[in-house]
2 protein chains.
Amino acid sequence: MPEKQDRFKTLLKQNGLKVTTQRIDILEALESRPDKHLTAEEIYECVKEKNPDIGLATVYRTIQLLAELNLIDKLNLGDGFVRYEINNQGCDVTAHHHHHLICLNCGNVLTFQGDLLETLEQKIQEALEFEVVDHEVKLFGYCKACRLEMQEKKNKE
Amino acid sequence: MPEKQDRFKTLLKQNGLKVTTQRIDILEALESRPDKHLTAEEIYECVKEKNPDIGLATVYRTIQLLAELNLIDKLNLGDGFVRYEINNQGCDVTAHHHHHLICLNCGNVLTFQGDLLETLEQKIQEALEFEVVDHEVKLFGYCKACRLEMQEKKNKE
DNA sequence: TTGGGTGCAAAGGCTTTGCATGTGA
DNA sequence: TCACATGCAAAGCCTTTGCACCCAA
C-alpha cells in the first residue's frame, strides 16, 4: 500500500520528524491490524515479522511521539494494558474521539461514532460552568455473538 | 466517626473478611479525603500518619480486595496513575457509576451523577445489538476557577 | 487455637533512559 | 556532514509475591 506509506511520510514530515523505516512500520502495523487496539508489545511483535531488527525501546519511543502529535490515540480498556490506535482524524484537535463498546464476555472491542453526548455536555456546561472540550466513553456489556451464545447455553439447561 | 467504623466493620464481615485495623484505616482514608481520588501511594501515606507500621503491600492487597467486592472503584484518569474511590452505592452492582469531569488545567476532578446516557445506550442496543450493562464516562475540559483565571490573564494582555 | 492477615524484602512486568552506533536530510 | 534516531542493556517504577510472624474470631 504505497499510498498509505506516502500519507504516513507526509504526516511525519509535517510534524518535523524524520521518516525512518521503523516509524513507517509502526504506523503500518497500527493501520493494518483488524482489531486495531494494540499494546506496545503487540506492535513490537507485529513489526518484528517484517523488520526483525527493531528494538522494543524504539516502539515505546515512537508511540509516545506519535501520541503527542495526536497521530495515534492512547487507550485504556481497563484490562491493565495501555493500547494504541491510529487516529484517522489526523491532527484535528477539535474532533471528538469515537467511543468503545467492550464486551465483558469475550473482551472484543467495538467502536462507534457519533456525538450523542452533546446534550449532556451542554447541560454540564450550564449547571457546573465546566467547559467540556473532549470526552472518553467506554460502554461495558455483551456483544451480539456472546449474547447468542449465552442464550443457547440457557436454552440447553 | 464511630458510626462510619461500624458501617465498614459490617461491610467487611458481610463479605467474609476479618476486621483489621489496617482495613478500617484504609477505608477511612478513602472516605475522609476531600478529593477522594487517591493512588495506592497516597492511601499508604494517608494511613501511615495514623498507623506508621502499615506496609505498602497491605495497602495494595487491601485495595485489590475491596475493589473485587465493589466496596471501592478503580479509576483511571489518564495521568498514568491508578486511583481509587469509595463506592457509596455499596454492593449494588446494577447501579451506574457517577462520571468524572477532569480539568485539563488544574487537574481537579469533579463528579456528577445522572443517567443521561440512557438514550445513547438504547440506540446502541438497537443499532448494534450490544447489551450495555455499565459505562464509564470521562469529560475533559476546564473548570470554573480555571476558566476565570484564563479569562483574567487574557484581559491583562 | 488457627487460618487468614501483615510486614518486609525480593521478584516481576512494563516502561524509560544512557550511551555508542547508525542513518536520513 | 551531523543532528536526530536506533538498539541494547541497565535502571526505574509501580505492583505482586514468598515467607515467617501475628492476631482476630
Side-chain angles (χ1 to χ4, degrees), chain A residues 5-6 8-29 37-69 71-72 74-84, chain B residues 5-6 8-29 37-69 71-72 74-84:
Chain A
Q5 277 201 17
D6 284 348
F8 292 146
K9 284 185 188 172
T10 310
L11 284 171
L12 290 171
K13 280 182 195 161
Q14 276 176 353
N15 287 284
L17 298 175
K18 284 191 181 169
V19 175
T20 65
T21 43
Q22 289 87 339
R23 286 173 180 173
I24 297 291
D25 288 348
I26 288 168
L27 280 165
E28 282 191 346
H37 301 97
L38 304 180
T39 63
E41 193 71 34
E42 286 168 346
I43 296 169
Y44 176 57
E45 291 302 328
C46 189
V47 173
K48 255 207 317 202
E49 287 174 19
K50 196 186 153 200
N51 176 358
D53 289 336
I54 196 169
L56 185 52
T58 300
V59 173
Y60 277 105
R61 277 188 285 235
T62 304
I63 55 187
Q64 197 169 303
L65 207 64
L66 298 175
E68 278 167 21
L69 297 171
L71 298 184
I72 64 177
K74 218 171 165 174
L75 211 68
N76 196 313
L77 301 180
D79 60 354
F81 295 94
V82 179
R83 294 166 184 283
Y84 297 88
Chain B
Q5 278 202 15
D6 284 348
F8 292 145
K9 285 184 187 173
T10 310
L11 283 172
L12 289 172
K13 280 182 194 162
Q14 275 176 352
N15 288 285
L17 297 176
K18 284 191 181 172
V19 176
T20 65
T21 43
Q22 289 88 338
R23 286 173 179 173
I24 296 292
D25 288 348
I26 288 168
L27 280 165
E28 282 190 345
H37 302 97
L38 304 180
T39 63
E41 193 71 35
E42 286 168 347
I43 295 168
Y44 176 58
E45 291 302 328
C46 188
V47 172
K48 254 207 320 200
E49 287 174 19
K50 196 186 155 200
N51 177 359
D53 289 336
I54 195 169
L56 184 53
T58 300
V59 173
Y60 277 105
R61 278 187 285 236
T62 304
I63 56 187
Q64 197 170 303
L65 207 63
L66 296 175
E68 279 167 19
L69 298 171
L71 299 182
I72 64 177
K74 217 169 167 175
L75 211 66
N76 196 312
L77 301 180
D79 60 354
F81 295 95
V82 179
R83 294 167 183 282
Y84 296 87

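In what follows, chains carry the letters A, B, and so on, assigned in the order in which the sequence lines appear, proteins first and then strands, with residues in each chain numbered from 1.
Atom P of nucleotide dC14(C) and atom CD1 of I43(A) are separated by 14 Å, given to the nearest angstrom. Taking atom CG of residue L65(B) and atom P of nucleotide dT15(D), one finds them 17 Å apart after rounding to whole Å. Note: OH (Y60(A)) to P (dA9(D)) measures 17 Å, nearest angstrom. One can place CG of L56(A) at 13 Å from C1' of dT17(C), the figure rounded to the nearest angstrom. Protein atom CD of E42(A) is 15 Å distant from nucleotide atom C1' of dG13(C), rounded to whole Å. Nucleotide dG22(C) holds its C1' atom 12 Å from the CG atom of D53(A), rounded to whole Å. Rounding to whole angstrom units, CG of residue N76(A) and P of dT15(C) are separated by 11 Å. The separation between F81(B) atom CZ and dC14(C) atom C1' is 15 Å, rounded to whole Å.
Residues satisfying the side chain to side chain donor-acceptor pair (under 3.5 Å) criterion with K74(A), sequence neighbours excluded, are absent altogether. The side chain to side chain contact (heavy atoms under 4.5 Å, CB included) check on K48(A) picks up Y44(A), E45(A), I54(A), with sequence neighbours excluded. Listed by chain and residue number, E41(A), E42(A), F81(A), R83(A) satisfy the side chain to side chain contact (heavy atoms under 4.5 Å, CB included) test with T39(A) (two or more places apart in sequence, or in another chain). With sequence neighbours left out, D25(B) forms a side chain to side chain donor-acceptor pair (under 3.5 Å) with K50(B), N51(B). By the side chain to side chain contact (heavy atoms under 4.5 Å, CB included) test, F8(B) pairs with K4(B), L11(B), I24(B), L27(B), E28(B), E31(B), I86(B), sequence neighbours left out.
I72(B) CD1 to I43(B) CD1: the interatomic distance, rounded to the nearest 0.5 Å, is 6.0 Å. Rounding to the nearest 0.5 Å gives a distance of 8.5 Å between CG of L65(B) and CG of N15(B). Separation of atoms CD (E68(B)) and CD1 (I63(B)) is listed at 11.5 Å; rounding is to 0.5 Å. One distance of note links CG of L71(B) with CD1 of I26(B); it measures 12.5 Å at 0.5 Å rounding.
Taking five base pairs at each end of the helix from dT1(C)-dA25(D) to dA25(C)-dT1(D) and finding the rotation axis that steps the C1' atoms of four pairs onto the next four gives two axes whose angle is 40°, to the nearest 10°.
Within the 4.0 Å cut-off from OP1 or OP2 of dT16(C), at least one side-chain nitrogen or oxygen of Q64(A) is found. Between dT6(D) and R23(A), a contact under 4.0 Å exists linking OP1 or OP2 to a side-chain N or O. Note on Q22(A): every side-chain N or O is 4.0 Å or more away from OP1 and OP2 of dT23(C).
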Note to self: I need a per-nucleotide contact map over nucleotides 18-25 of chain D, read 5' to 3'. Cutoff is protein heavy atoms under 4.0 Å; write B for the base, S for backbone only, - otherwise.
What the structure shows: B-----BS
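Residue E41(A) is out of contact with every strand shown, counting any heavy-atom pair closer than 4.0 Å.
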